[in-house]
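Chain naming here is simple, since letters A, B, ... match the order of the sequence lines and numbering starts at 1 in each.
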Amino acid sequence: MKRLRVGICLLLWSVNSIAQIHIVCEGRIKDAETGLAVSDVICSAVSLNEVDLLAYTMSDKDGQYQLHFSATTDSVLLRFALLGYKTVLIPIGKTACRQDIIMEPSRIQLREVTVKASPVWTKGDTINYRVDAFRGQQDRVIGDVLEKIPGLKVGEKGTITYQGKPINRFYIEGMDLMRNKYGIATRSIPADVIEQVQILENHQPIKLLREREFSEQAALNLKLKSDKIGQFVGNAEAGAGLSDRAGIWQGKLTGMEIMRRWQSLFTFKTNNIGDNLSDELSDQRLELADLLDGVPSYPSDLMEPENLQTLPVEEKRYMWNQSYSATLNQLWRVNDDSQLRLSLAYLKDRNKQHIENMNRYWLGTEELEWNTVSRLRDDTHMGEAVFSWTTNASALYVDEELKLYGKWDKVTSDITGSQQVGQHFKLPLYLVQNKLDLLKSMGKKNWRFYSFLRYGGQPQHLSVVADTVDISGIGLLKQNTNRQQFYTLNRSGFSWTKGKSLFKMGVSFTAALENLKSGLNPGIFETERSTNRLGWNRWEYGIQPEYVLKGEQSRLEIAVPLQILDLSANPHINAGKIHYTRLWAFPSWRFYHTFSPYWSSKISYGMRKELGEMSDFAEGIRMVDFRTFRRGIASPEQRLSHTFSVAVSYRNPLRIMFFNLSAIYRLQHVNQVSVISFGENYTLHRRINKNSNRRYWIINGSLGKYWDAWKTNLAFDAGYTRTLFEQFQQSNQWNVIAHGLHMGAQLDIGPTDWSRLRLKAEYAGNKIETSGYTSQWLSDWKTRAAAYFFPSSRWQFALKGEYVQNKLIEIPDLRLFFMDTELKYISSYCEVSLICGNILNKRFYSSSSYDGRNSYSSSYDLRGRSLLVSCAFKL
Amino acid sequence: MKNICLFTFLMLAVHVLFAQTIRMSEPNALPRKMSPQDTLDVAYLNIHYRQMVREDKLFPEELTETEMVLQIGTKIAKYANYRRLLSDSIMAEELKRPELSTMEIVNNSLKRMKKAGDNTVIVKNYQEGQYTTQRQIILNRYVYTENKPVFDWTVTSDTLTVLGYPCKKAVCLFRGRRYTAWFAPDIPLMEEPWKFNGLPGLIMKVEDVDKDYSFEATALYQVNWASPIYITKMKSDIRTTREKSMQAEKAGANNPEAAIRNSGRVTMKENESMGRKRLPYNPIELE
């Protein structure tokens, strides 16, 4: 009983202790100096630790307040606060109280804060990059800024990739002015007129297919500053100077006007300072696989002039050019859904290169050494006109494009050394092509019709003058080759959705009608035919069933296209016509899974069968350069490949971090191989029927991270390739394993307002394994560093260094260090720059490679010291 | 009497909405003066807010961003478009320069205000407990005054740091939308962005559950210069009530052409039709 009483007492005490007591506090608030009532004071009752807010109110115009609250603790704090007065804190008990408050005026003390707009933010599937956060004072055009944006990568030729995949559209203010020639825009639009770069993830450019068909590619949109819309934005730049060999110059005139109803961009550029203009005019890849888009790439040349080599030093150091380009891109927005577009481009480009080669060819028991000194000159004229009409409405999509293209390429090289040779190539190519893509919504179904037509010709010519030609004893050789091509691809099909499934069914018809005529005069191989007259008609009929299953986080795509291939070729030889018919299937599947808003993955498999080049069918000898000859075989080449790939990507715009990793394995089976034979003065590539396998393993990864502090951007990418293939030379065959490794890191950092540092380091290594021989890693290192200083808003100074090292097989390691400086004065009217190039006057670069049997060593002339004064105006 | 400010408003509205022939007064015939302004108070504190509005529910990804400023005075607070504030002060200076034509001044103002976002002005007289709202609806400006609205906030224990200030969370339902606000007890002000009020500290961030409307503080600074808090007045203002203003906004969105024709400010050809039949409608106050 005693215990029970104690228990009841304890219970009552505890209940009492946690019971809530209603408290009323009231009073009047006065100013300590004037004694007047203070209104609008925030009066609050808070727990002793000031964490819990129990009640709050505001004093009225008479300074009166009244607070009602319930308290569970023994004491609470009354808090009286108003900007301009010291905050008053008064502890009270658990009883009603009256508290008159005297508030003491004080200076307002607030931590003043300002946040700039976040450098990166997202809205739905759009990632917005604030250009000013990434732009350094030295960046002139938007391409300079794009290189620093995490998640984006700008390739050597200007192709923009996002998370490892090429972008599928390049918009300016939401309109597709440039199509696949966006290199012109990235290298011409001033960075200071752009407010935001937007990445539209999983962008489906066709409105009708949005929410229906998934796209794994992103689009890029440039948003202009609002005061630049409707304004003409123009720049003119002219410069002249001296280099060690001749005078140098550059000139640029660009103009852009972006209106709501039309957009226009024109450029005129010229230079002889090594600024490559052809890259910005080249077509950029917009689709993951061009063939899937139905637009085959341009046919390659039938001759093989010694190419202008790409060296691991800045291009301006080894390019001896005289370039002129003019472009006009115009878009009219006819209505909300339709656009008419005209694009004109012209390029006149002259490039020279001075190369010394020392090649060693393995002949089985001995080596053949071949030394040449080549002076190469390449003159190119390229013209292109594109007219297109696009209607992109919610129920209809029409994309009609007519393109006229012509390229006139003349290559001349004077070769001395083991042989005195002059060779002259004429490599014209002209094309007319039309593309129509029509998509219509028919209730729950979509109907699509796609048609592509191309007609092209390549009347190409090579003449060689040699002092001694051992094979024939004749010093003049002429090779004429003429290829005419008509190609059409037509597809039609329906797609419809049922629940989470999407079905597609289409039929296709492809025709490739080509003929090739070639003649080598005189015929220098006694046992070989030196002429070709080849007709080649390839017909394909296909059906393309495809199934897509869409889930919340996953997506599965399965396609099993079937194709009947009918090839009829007439090589005009004794064997007569060749007829070849096959039924092919190309199954493929892709599986996408999104783990979270940050992580996503893709696994895919694809099988592909294709025929080889028509020119490989030509059995007559063709000369492709002064010592290289090719001979095909009148039998179709089949290539069968299986490709497995897996990719994972991470993108976190909040932390401004992007990462992707992909691995690809490809097994390719071919029924023909090329056998290389070396003679004293010739190399012969002869095709033979023989089954052979090639295996590729490719791993690529990239990481991009931006920190607001010091506007720091770090990018890292790495890749490894392992290729296993068979090589055939003379009468021997052996297996080769080639390893390739590349790594790159880029850091851009602005430690102070008056300085900025940019560092770019790249490593590339190659290694060969053949039977009985394993090479060491042959490495190329290149490091570029640039420090920019901005002592005032009017002056800029840049100091740039480039260090190149390669490990060669024959000679000691090559180490080169280049240095350039640039001083710029910016007035309100113009910018004047003084550029000193290659101050240390490094004049030669050399490199070598080894393919397991043959070694190739080359040495190139570099541009010497130069001085350029240039002046840029805003128009 | 028409004046430059009116012209600017009209041109902005016309530029944004339509593209057809609308005949108006010659700009050079306009007098070189600003709209009449009543100076109500002097600001001692400015708080900038990034205001994001989903104007069209059909395009949920498209948000309109506006930089708004809350000017705090001792009696009056004003919440308005920051670029409008800047543009007005630039225009006032330009009007003093005789070498600039009226057309140039108007054009400059139009350029500055391009894509400037929300033009709503809310003036809060907290001594009298009255809020005045100026809202541009198609070509007309509607003005109404209401009693200080009551927000029934519930303060929770959640915390967040915004602009370095520790904030507490509060939620409430107001005129059809449920809001979550983060306020800073260290800044003892009860005047807040838009019509919000009644929390024991400055709201640093507030948004509705659908994220159609969000306001986030981006800057906070004391004003150490003479910065008047003023309200512009135009004879063409339509003085009305909140309810009627909401009706006009809805009607204008459903049939903008009729709203233009009925505005009495422009003349459109009878056979001429607007490009857009409807305008997006997603008001902040649903009831």
Side-chain angles (χ1 to χ4, degrees), chain A residues 39-47 50-61 79-88 103 107-118 121-126 128 174 195-196 198 200-201 223-231 260-261 335-336, chain B residues 15 19 44-48 50 52 54 59-63 65 67 72 74-75 83 108 110-117 126-129 153 155-157 159 162-165 168 170 183-191 197-202 204 216-222 275-276:
Chain A
S39 62
D40 302 325
V41 176
I42 294 173
C43 316
S44 45
V46 293
S47 58
E50 292 191 58
V51 170
D52 299 322
L53 179 68
L54 307 176
Y56 65 91
T57 187
M58 220 163 73
S59 62
D60 62 18
K61 58 186 175 185
R79 189 173 187 270
F80 301 89
L82 182 64
L83 274 188
Y85 289 89
K86 282 185 182 168
T87 298
V88 176
M103 292 195 73
R107 282 186 61 239
I108 297 174
Q109 287 189 328
L110 280 176
R111 253 179 320 105
E112 297 189 353
V113 283
T114 308
V115 287
K116 289 179 181 170
S118 171
W121 70 97
T122 55
K123 285 182 197 173
D125 279 346
T126 304
N128 300 271
E195 183 160 27
Q196 289 171 26
Q198 296 181 318
L200 318 175
E201 291 185 313
K223 278 185 77 72
L224 272 68
K225 290 180 177 168
S226 55
D227 59 338
K228 300 298 178 189
I229 297 175
Q231 292 277 306
R260 286 178 186 278
R261 287 286 162 193
N335 55 44
D336 283 353
Chain B
H15 188 81
Y44 67 88
L45 186 68
N46 278 1
I47 304 111
H48 288 237
R50 185 186 299 134
M52 307 291 284
R54 179 175 293 126
F59 299 96
E61 292 172 7
E62 292 181 7
L63 298 176
E65 180 178 336
E67 186 177 1
I72 306 276
T74 52
K75 300 171 195 162
R83 275 170 69 179
N108 291 343
L110 283 174
K111 279 181 206 161
R112 286 193 298 270
M113 290 306 294
K114 212 173 210 178
K115 290 190 178 176
Y126 34 85
Q127 282 204 329
E128 294 179 7
W153 294 106
V155 179
T156 72
S157 56
T159 59
V162 181
L163 283 184
Y165 282 95
K168 280 178 175 290
F183 67 96
D186 290 348
I187 308 173
L189 282 170
M190 276 199 166
E191 293 312 322
N197 68 74
L199 278 170
L202 180 71
M204 304 298 280
E216 184 169 2
T218 55
L220 171 99
Y221 54 90
Q222 293 179 56
R276 300 175 73 172

(message) How long is the straight-line distance from CD1 of I72(B) back to CG of N46(B), given to the nearest 0.5 Å?
(response) 8.5 Å
(request) In plain terms, say whether R50(B) and E65(B) are close enough for a salt bridge, that is, a side-chain N and a carboxylate O under 4.0 Å apart. (result) yes
(message) With a 4.5 angstrom heavy-atom cut-off, is it the side chain or the backbone of I47(B) that approaches chain A, or both, or neither?
(response) neither
(message) Heavy-atom cut-off 4.5 Å, strictly under: side chain, backbone, both or neither for T87(A) against chain B?
(response) neither
(message) Under 4.5 Å from any heavy atom of chain B, what part of D40(A) do you find: side chain, backbone, both or neither?
(response) side chain
(request) Output the distance between atom CE (M204(B)) and atom OG1 (T218(B)), rounded to the nearest 0.5 Å. (result) 9.5 Å
(request) Check C43(A) against S59(A) and note the closest heavy-atom contact, atom names and distance. (result) SG-N, 4.2 Å
